[in-house]
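Chain letters run A, B, ... following the sequence lines, proteins first, then strands; residues in each count from 1. What you see is a predicted model, and the numbers here were worked out from it, not measured in a lab.
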There are 2 protein chains.
Amino acid sequence: MANIQQVAQKAGVSVATVSRVLNNAPSVSPKTRLKVENAIRDLNYEPSMLGRNLRNSESRLLLVLLPSISNPFYTEIINGIQNTAIANSYNILLCETDSNPQRENIYFNMVKNKLADGVISMDPTVNMQKLNELAENHPVILCSEYEEGGCLPYVTIDNELAAYQAVKHLIKLGNEKIALINSDEKFLYARQRRNGYERALKEFNLPIRNEWIYHTKDLDFQNGVQAMRMLLQLDEKPSAVFAVSDTLAIGALKEVNMNGLHVPNDIAIVGFDNISFSNMTNPTLTTISQPMYRMGVIAANMLISSIKGDKVENIILDHELIIRESSMG
Amino acid sequence: MANIQQVAQKAGVSVATVSRVLNNAPSVSPKTRLKVENAIRDLNYEPSMLGRNLRNSESRLLLVLLPSISNPFYTEIINGIQNTAIANSYNILLCETDSNPQRENIYFNMVKNKLADGVISMDPTVNMQKLNELAENHPVILCSEYEEGGCLPYVTIDNELAAYQAVKHLIKLGNEKIALINSDEKFLYARQRRNGYERALKEFNLPIRNEWIYHTKDLDFQNGVQAMRMLLQLDEKPSAVFAVSDTLAIGALKEVNMNGLHVPNDIAIVGFDNISFSNMTNPTLTTISQPMYRMGVIAANMLISSIKGDKVENIILDHELIIRESSMG
DNA sequence: ATCGTAACTGTAATCGATTACAATTTTGTA
DNA sequence: TACAAAATTGTAATCGATTACAGTTACGAT
């Protein structure tokens with residue numbers, strides 16, 4: 001593969017001039033430009049990003065941190081990030097931590113080693129202390145999950161309000177025994193959604209019963225199945241379930257069906273995220289729709305601004321309750 | 001951020017020695033090593049990949065090309081690729097083409113520009129001519145989708161056989177009117193699966209009827225819904241459907257349910273890929289399981305070998321028919 | 001013809017690492 | 001003690017681009 005020297009030699013100019021042509025500098029005469037362009041074509045030359053990046057001290061890569069690629073919640077966000085990145089001549093490094101600190105470390109090092117110009121973290125399991133340390137020297141944006149009282153810029157939704165509305169919806173439909181399938185409350189979003197759940201119950205003078213609050217380890221379908229299995233074994237079964245993720249809700253739905261019960265007649269279900277599959281279940285799933293694509297776009301724009309050195313503001317986006325069959329027959 | 005010179009100065013040694021410490025070269029005395037390590041710690045130094053990559057003429061990034069991240073079929077493959085990459089000190093650049101040639105071009109250029117050391121393409125819509133051109137100068141591996149009679153190394157399964165077995169399974173259950181929901185037959189896997197479908201029908205002297213073969217544009221759930229909608233409008237409805245992807249099959253399942261029909265009693269359904277959702281539908285989906293994780297591992301290993309300059313052989317992996325509720329009540 | 005200015009081009013330093021080769025120090029042995 | 005060999009360290013070139021600055025050329029005005 002040819003390099004810039006060879007192009008310069010072939011065109012009979014200096015490497016500086018070739019570089020100017022490559023970067024569309026205005027001060028190159030048309031004749032010279034033509035000579036260089038011909039040489040580039042003849043040699044099939046492609047500039048090496050390695051040289052350019054070193055000289056410019058940038059990689060034009062954005063690191064996107066997420067716990068697992070298999071949760072469809074992230075796919076639309078990633079689309080938004082990626083489109084925005086490309087529109088700004090960046091690209092993204094998609095990094096799955098599997099909630100494994102060792103993995104996380106590898107990725108943090110990639111940033112420290114200048115292999116990425118900044119980070120968007122969507123990982124609730126991220127080590128916040130280390131992330132904050134990283135943020136002292138490198139741009140970092142939080143997407144969806146953030147740190148209460150922290151100083152890292154974020155884009156998210158109002159989780160408490162969304163949960164409140166979801167549960168209120170169930171109450172309005174006549175449900176009085178509403179269970180919560182939550183994930184681990186070490187996560188901020190889990191605590192916030194629980195707060196929303198409790199606020200709605202209190203507002204309507206419904207009791208908050210601990211045996212109706214189930215915590216899952218992960219957000220896989222299977223965790224939803226297990227959660228519902230437990231709930232169905234209770235003496236006093238709930239008549240409705242609010243799950244903090246569609247994947248959990250779909251697992252729950254599956255388990256209800258397995259037991260020959262009917263959704264929503266026996267048990268109503270509301271999920272969270274509006275993943276594409278939520279419209280394909282039987283019955284279709286009532287859920288909270290987050291503006292995932294837009295969230296991705298905004299996160300990417302925030303990060304790019306931050307890399308440029310601009311100040312960025314936190315953003316809270318609107319959500320929407322999508323009512324489908326799983327809550328109303 | 002400190003660089004290697006500053007570390008060298010602080011430690012009172014040359015940059016060469018610092019580099020040796022960084023790379024664990026054996027010929028550094030314990031005393032010197034200690035001095036250098038202290039300097040590194042004191043300065044909070046992290047080596048820049050930009051410099052290292054330029055010097056080594058490598059990026060240690062593998063480019064993974066796929067049409068869309070939202071098809072869950074890819075997620076397990078990606079896991080396999082990523083784990084293998086990390087184990088070999090590589091990382092992956094996940095690149096969604098959206099089947100958009102312009103996007104594709106951007107990614108091809110990243111390889112030409114040395115931003116990635118090689119490519120794993122899982123994109124059936126890829127421009128094979130351009131990919132072949134790229135392969136003249138850069139390592140390229142095909143994963144899952146490959147080129148018949150082409151010269152690019154690949155890892156895949158026997159699509160024709162898998163489809164044959166899936167359809168044979170339906171026949172053995174007594175189905176005689178079996179429809180095929182296929183994707184565009186410009187894709188090799190689609191042609192191969194159709195061949196398998198037809199081979200099974202012929203073997204049992206069942207007629208091949210064109211109105212029972214539906215072609216979808218994409219592989220989204222919605223395409224499956226549409227396909228099934230068409231099939232249900234036929235005068236003579238099929239009693240079973242083989243869909244070449246679980247996403248299509250799940251869409252089809254949804255549409256059958258919507259029409260008040262029962263799966264599998266009225267219509268049996270078999271999918272392809274064994275995505276994690278396929279076990280969560282109601283009824284659960286009979287499908288062909290591809291060894292996705294292993295396929296990813298193998299593809300990554302092939303690519304890394306190829307980057308090293310080793311010769312690599314094509315590999316065809318085993319698949320498995322997973323029988324669930326959607327084919328047998 | 002001369003000069004000043006604008007337009008263009010080249011020289012060489014630079015980004016931050018690696019490494020061949022040379023130089024130095026240490027070690028072991030006679 | 002002296003010397004060869006081995007171990008350790010340093011010098012400087014190198015990867016492939018960008019760019020400040022200097023140098024050259026072209027051209028219109030006087």
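Nearest to the side chain of A:Pro47, among D:dT11, D:dA17, D:dT18, sits D:dA17. Side-chain proximity of A:Ser48 to the nucleotides D:dT8, D:dA17, C:dT18 is greatest for D:dA17. Taking only side-chain atoms of B:Ser19, from C-beta outward, the nucleotide of C:dT18, D:dA17, C:dC21 with the closest atom is C:dT18.
For the residue pair A:Tyr189/A:Ser183, the side-chain donor-acceptor check at 3.5 Å is satisfied. A donor-acceptor contact closer than 3.5 angstrom is absent between the side chains of A:Asn301 and A:Thr84. With hydrogens and angles left out, the side-chain atoms of B:Asp123 and B:Ser121 include no donor and acceptor closer than 3.5 Å. For the residue pair A:Asn79 / A:Glu76, a side-chain donor-acceptor distance below 3.5 Å is found, with atom types taken as modelled. At a cut-off of 3.5 Å, with distance as the only test, no side-chain donor of A:Ser99 or A:Thr97 sits close to an acceptor on the other residue.
Here D:dG16 presents its C1' atom at 11 Å from CG of A:Asn53, a figure rounded to the nearest Å. If you take CZ of B:Arg60 and P of C:dA17, they are 17 Å apart, rounded to a whole angstrom. Look at CD on A:Gln5: it is 13 Å from C1' on C:dG10, rounded to the nearest Å. Atom CD of A:Glu46 and atom C1' of D:dA17 are 14 Å apart (whole Å). Rounding to whole angstrom units, CD1 of residue B:Ile4 and P of D:dG10 are separated by 12 Å. Counting to the nearest Å, the P atom of C:dA17 and the CG atom of B:Leu22 are 8 Å from each other. For B:Tyr45 and C:dG16, the OH to P distance is 9 Å, given to the nearest whole Å. Put simply, CD on A:Gln9 is 13 Å from P on C:dT11, counting in whole angstrom units.
Looking at residues two or more places apart in sequence or on another chain, you find a salt bridge (Lys or Arg N to Asp or Glu O under 4.0 Å) between B:Arg60 and B:Glu58. Under the salt bridge (Lys or Arg N to Asp or Glu O under 4.0 Å) criterion, B:Asp220 pairs with no residue, sequence neighbours left out. Applying the ring pair (Phe, Tyr, Trp, His ring centres under 6.0 Å) test to B:Phe73 and every residue at least two apart in sequence or in another chain returns nothing.
Each of B:Thr17 and B:Lys114 lies near DNA chain D, and the nucleotide nearest B:Thr17 is the one positioned closer to the 5' end.
In this structure, A:Ser27 reaches the bases: a heavy-atom distance under 4.0 Å links it to at least one base atom across the strands shown. Note on B:Val13: only backbone sugar-phosphate atoms sit closer than 4.0 angstrom, heavy atoms only; bases stay farther off.
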Between the protein and nucleotides 23-28 of chain D, are there any N/O to N/O pairs under 3.5 Å, and if so, what are the atom names and distances?
none

So which protein nitrogen or oxygen atoms get under 3.5 Å of nucleotides 12-15 of chain C's nitrogens or oxygens?
unit_1 : atom_1 : unit_2  : atom_2 : d
C:dT14 : O2     : A:Arg55 : NH1    : 2.7
C:dC15 : O2     : A:Arg55 : N      : 3.4

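For residues 1-11 of chain A, no pair satisfies side chain to side chain donor-acceptor pair (under 3.5 Å), with sequence neighbours left out.
Contact between the side-chain N/O atoms of A:Ser29 and the OP1/OP2 oxygens of C:dC8 is not found at any separation under 4.0 Å. Within the 4.0 Å cut-off from OP1 or OP2 of C:dT18, at least one side-chain nitrogen or oxygen of B:Asn23 is found.
For the pair B:Leu62 and B:Ile307, the minimum side-chain heavy-atom distance is below 4.5 Å.
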